[in-house]
Structure formats: C-alpha cells, structure tokens
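The structure appears right after this line, and notes come after that.
Per chain, numbering begins at 1; letters A, B, ... match sequence-line order.
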2 protein chains.
Amino acid sequence: MLTSVLTDELPRVLADPLRARIVEALAGEELCPCHLVAMTGARQTNISNHLRVLLQAGVVEAEPAGRYTYYRLRPEALAELARHYAALAERAGLTPRRRRPCS
Amino acid sequence: MLTSVLTDELPRVLADPLRARIVEALAGEELCPCHLVAMTGARQTNISNHLRVLLQAGVVEAEPAGRYTYYRLRPEALAELARHYAALAERAGLTPRRRRPCS
DNA sequence: CGGTTCAATCAGCCAATGCTGACATCAGTT
DNA sequence: AACTGATGTCAGCATTGGCTGATTGAACCG
C-alpha cells in the first residue's frame, strides 16, 4: 500500500497536543513566538522547535518582520487533510456492509 | 486552553502509519484481523494492539462472529475530525491578517 | 475429548521524539 | 560599540509508544 504525506506526515505533525494548540491559536490571527510562549506557558526553545516542524510540513508560513517573526496558518494544508478524512468517512458510510470471507 | 479528545486523542490515534493503513482498508469493507495481517504484513499481535487502540478511541467497532471478529469503521469519528480541520482552515482563510503587537 | 486456528493480553526491548539548557544570531537601541 | 531582547540551533536527557515473543483463551473440527 502506498503511503503519502497526507496519511503519514501531516497527521503526525498535527497530532502533538502543543502543536495542536499552536495551530488553533494561529487560526485566528498571526502571532510571534513570544505570543505563543505567553499563551501556552511553554519555553521559547520548545515553541521554536514546534514551529520549525510545522513550517517544514507546510502547515504554517513565517514572515520575518524586523526583530520579530510572524507566523500564519496555511489553510490549504488543513483543508486538504479535512477532505481526506471526510472522503474516508463518506466511503465507509456509503459502502454496504460487505464482508470478505476468512481464508 | 482547554484540550479535547478531538484535538488530542483522535489525531494521535490516526497519526500512526500502520493505523492509517488499517483505517483506509476498513473504509471499504469489514475485515478480520487475519485479513489485515495478510494485507499489511504486520504480525497478528501488532494488528491486535492497533485495533484495540482504534477501538478505545471510537474509530472502529468490533463484532465477534464465531471464531472471527469483524471490524468496521465508525464514520462519525472521521467525519467529526474532518469538520474540525475544515473549520480551522475556514477560520484561518476568512480572518483578515490581524496582527497582535509584540509587547 | 484432543488438535487446530484465530484473537487478545502481557512484559520487555528499543527507536522516535518531545523537552530542556546552553549557546549563537540578528535587529534595534543608547 | 555595547547592550538588550527576540529567535533559532544544537546536544543530551527522558518519556512515549510501537514492535515482538510467549502465553492464554475461545471457537471450530476431527
């Protein structure tokens, strides 16, 4: 079975609780790491590491602004994953209860 | 910030590559562990462990049938997560580029 | 009954990864 | 330049969690 970034990397990146909180915070507005540190109580180093993971996965994008760096969400990434799960749910819901015989 | 099963447990459960393959396989038809062992190449013990995780998370449900046990997907779980991600994406897409000043 | 097969549980191993402290870098300020 | 504050990077530690072998129980069949 073929694996893809959609079934492997994106879900794994979004599965971490702290990263999920960061994503939710960024859904409302652009934020700097300093804001996220204040909002979550996590250390700056920790936030920076998670932002790097989110960046490499294409979930967020960064825009340096002088001394600060603003991060914003890339809605396409979340929308793509949402469509994937919705498609699975629909396929499972529509499929009649077919059973493959055992051996 | 309040956490929920939707932002913590469900994504974590679906993030594992082997569990993702199981979920995709179950989206098409009901299957027994023996089928999943054959399809994935994983050991029976491993499949059984993952099915237990999926069961406890409400992603699948089991129906014992004599010597076999058929598993099927619960589409509501996937649909709920899909709606969650879609809502985040929509909120991020609609929100004007608001920026909170840095302290 | 045994014997066989499917499935679940358990303890142990180990790789993956989240967290941290220490340090480096850069921008703005005085 | 020197200082401060915001960010990023790196190595090490510690925990999580996936994988396995061994064992057990249950359901079928001779």
Name the nucleic acid region contacted by A:S48, choosing base, sugar-phosphate or nothing; use a 4.0 angstrom heavy-atom cut-off, strictly under. base

Salt bridge (charged side-chain N to carboxylate O under 4.0 Å, His left out) partners for A:R99, two or more places apart: B:E30, B:E63

Nt span of DNA chain D in reach of chain A heavy atoms at under 4.0 Å, 5' end first, is D:dG5 to D:dC10

So, using side-chain contact (heavy atoms from CB on, under 4.5 Å) as the criterion, who are the partners of A:Q44 when residues are at least two apart? A:V37, A:S48

Treating B:R74 as the side-chain partner and B:G58 as the backbone partner, does any N or O pair qualify as donor plus acceptor under 3.5 Å? yes

Say whether B:R52 and B:N49, considering side chains only, have a donor N or O and an acceptor N or O under 3.5 Å apart. yes

Determine which pairs satisfy salt bridge (Lys or Arg N to Asp or Glu O under 4.0 Å) with at least one residue from residues 79-96 of chain A, sequence neighbours left out, and list them in order. none

Under the salt bridge (charged side-chain N to carboxylate O under 4.0 Å, His left out) rule, collect the residues that match up with B:E9, sequence neighbours excluded. none

Check: A:R100/B:H35 side-chain N/O donor and acceptor closer than 3.5 Å: no

Could you tell me how far apart A:R12 (CZ) and C:dA16 (C1') are, to the nearest whole angstrom? 9 Å

Classify A:Y71 by what it touches in the nucleic acid, base, sugar-phosphate, or nothing, heavy-atom distance under 4.0 Å. sugar-phosphate

Checking the side chain of A:R72 only, and the main-chain atoms of A:E29 only, is there a donor and an acceptor separated by less than 3.5 Å? no

Indicate, with a heavy-atom threshold strictly under 4.0 Å, whether A:C102 touches base, sugar-phosphate, or nothing. nothing

For nucleotides 19-30 of chain C, 5' to 3', base contacts (B), sugar-phosphate-only contacts (S) and non-contacts (-) with protein non-hydrogen atoms under 4.0 Å give SBBB----SS--

